[in-house]
Amino acid sequence: MDQPWLTITLVTAAGAMALGVKVLRLARHQRRALGRLGVRGVRTRGEVARGARREGATIHPPQVRYQAPPIDRPDAPPTQTYRRAPLNHESHPLHRGVPVVLRYGPGDPRRVVVVHTKDGRPGNVSYSATANTAWGGLLRTVRGGDGGGGVLMRCPDRMCRIAELAG
């Protein structure tokens, strides 16, 4: 093997491409979950009031606590405290006491989705769908370019022949 760094470049590029595809699939899933609200929504902060629990055969989703305007007055200041199960509770690790960023529907503040969590402990961090899309796209673009460059460097004599035939 006369140029091992090319093989290493191709292997790492393939691995990063696979990771980029996985991150983009995760972002697509999160975007779909955010779409359950149906509207853009109003952004606010809250916290997880109660984690997921099981009572017999029934599994109850986690609940979040947040402040929003009263149901009958959407233009009022956010003084009403709500405690609801988010529509996308399966998309994020929601443990009791974890701060979260939410979006609620302006017409009905009881409909809420979690955008991302703000906890810094490992295993409890979740990023927004936009951040995951940016990272996945960056991984695919940069590492795809590295892989293409590695292939071109691996076969320079073939590329010269292709350039001669094209020119």
Side-chain angles (χ1 to χ4, degrees), residues 9-148:
T9 301
L10 290 174
V11 169
T12 57
M17 284 283 283
L19 179 64
V21 169
K22 182 178 178 181
V23 169
L24 284 174
R25 290 182 63 153
L26 173 72
R28 186 178 60 189
H29 177 72
Q30 287 178 342
R31 284 238 183 257
R32 195 174 302 132
L34 283 174
R36 290 182 191 166
L37 190 57
V39 295
R40 177 137 173 92
V42 179
R43 192 177 182 112
T44 187
R45 292 178 186 261
E47 71 171 353
V48 179
R50 178 182 242 174
R53 67 191 193 286
R54 181 182 200 123
E55 292 179 4
T58 306
I59 298 174
H60 298 281
Q63 293 179 340
V64 293
R65 186 182 306 125
Y66 61 100
Q67 288 193 334
I71 296 171
D72 54 347
R73 298 184 318 168
D75 57 343
T79 55
Q80 179 77 32
T81 301
Y82 293 92
R83 184 174 171 169
R84 298 276 184 231
L87 300 173
N88 65 338
H89 60 85
E90 72 284 345
S91 297
H92 302 278
L94 299 175
H95 304 288
R96 182 183 154 102
V98 172
V100 291
V101 175
L102 308 163
R103 284 193 184 272
Y104 61 86
D108 185 5
R110 295 172 296 183
R111 293 178 43 87
V112 64
V113 292
V114 176
V115 176
H116 61 91
T117 62
K118 301 289 279 183
D119 191 11
R121 295 178 295 173
N124 292 335
V125 177
S126 71
Y127 298 100
S128 66
T130 304
N132 282 335
T133 302
W135 278 111
L138 182 70
L139 279 171
R140 287 189 57 206
T141 303
V142 171
R143 286 305 175 178
D146 285 350

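In this chain, residues are counted from 1 in sequence order.
Within the model, atoms CG of L94 and CZ of R50 stand 14.5 Å from one another, a figure rounded to the nearest 0.5 Å. Taking CE of M17 as the start and OG1 of T12 as the end, the distance is 12.0 Å to the nearest 0.5 Å. To the nearest 0.5 Å, atoms CZ (R65) and CZ (R83) are separated by 5.5 Å. Q80 contributes atom CD, which lies 9.0 Å from atom CG of D72 (distance to the nearest 0.5 angstrom).
In this structure the side chain of R43 reaches within 4.5 angstrom of the side chain of V101, judged on heavy atoms. The side-chain heavy atoms of V113 and P86, taken from C-beta on, include no pair separated by under 4.5 Å. Contact check for V114 versus H89: no side-chain heavy atoms found under the 4.5 Å cut-off. Inter-residue side-chain proximity for I71 and Y82 is flagged as met; some heavy-atom pair is nearer than 4.5 Å.
Residues R96 and A49 approach most closely at NH1-O, 3.5 Å, considering heavy atoms. Counting all heavy atoms, side chain and backbone alike, P106 lies closest to P74 at O-CB, 3.6 Å. A pairwise comparison of heavy atoms in R110 and Y66 identifies CA-OH, 3.6 Å as the closest pair. Of all heavy-atom pairs spanning Q67 and T44, the tightest one is O-OG1, 3.8 Å. Across P109 and P69, no two heavy atoms sit closer than the pair CG-O, 3.4 Å.
Surrounding CZ of R25 are at most 12 heavy atoms belonging to other residues, nucleotides or ligands under 6.0 Å away. By the neighbour-count criterion of 12 heavy atoms within 6.0 Å, atom CZ of R45 is sparsely surrounded, having that number or fewer from other residues, nucleotides or ligands.
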Subject >> Criterion side chain to side chain contact (heavy atoms under 4.5 Å, CB included) on V48 and H95, from CA distance to verdict >> reply: CA-CA 6 Å; V48 179; H95 304 288; 5.9 Å; no
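Put simply, the side chain of R54 gets close to the backbone of G56: a donor and an acceptor are under 3.5 Å apart.
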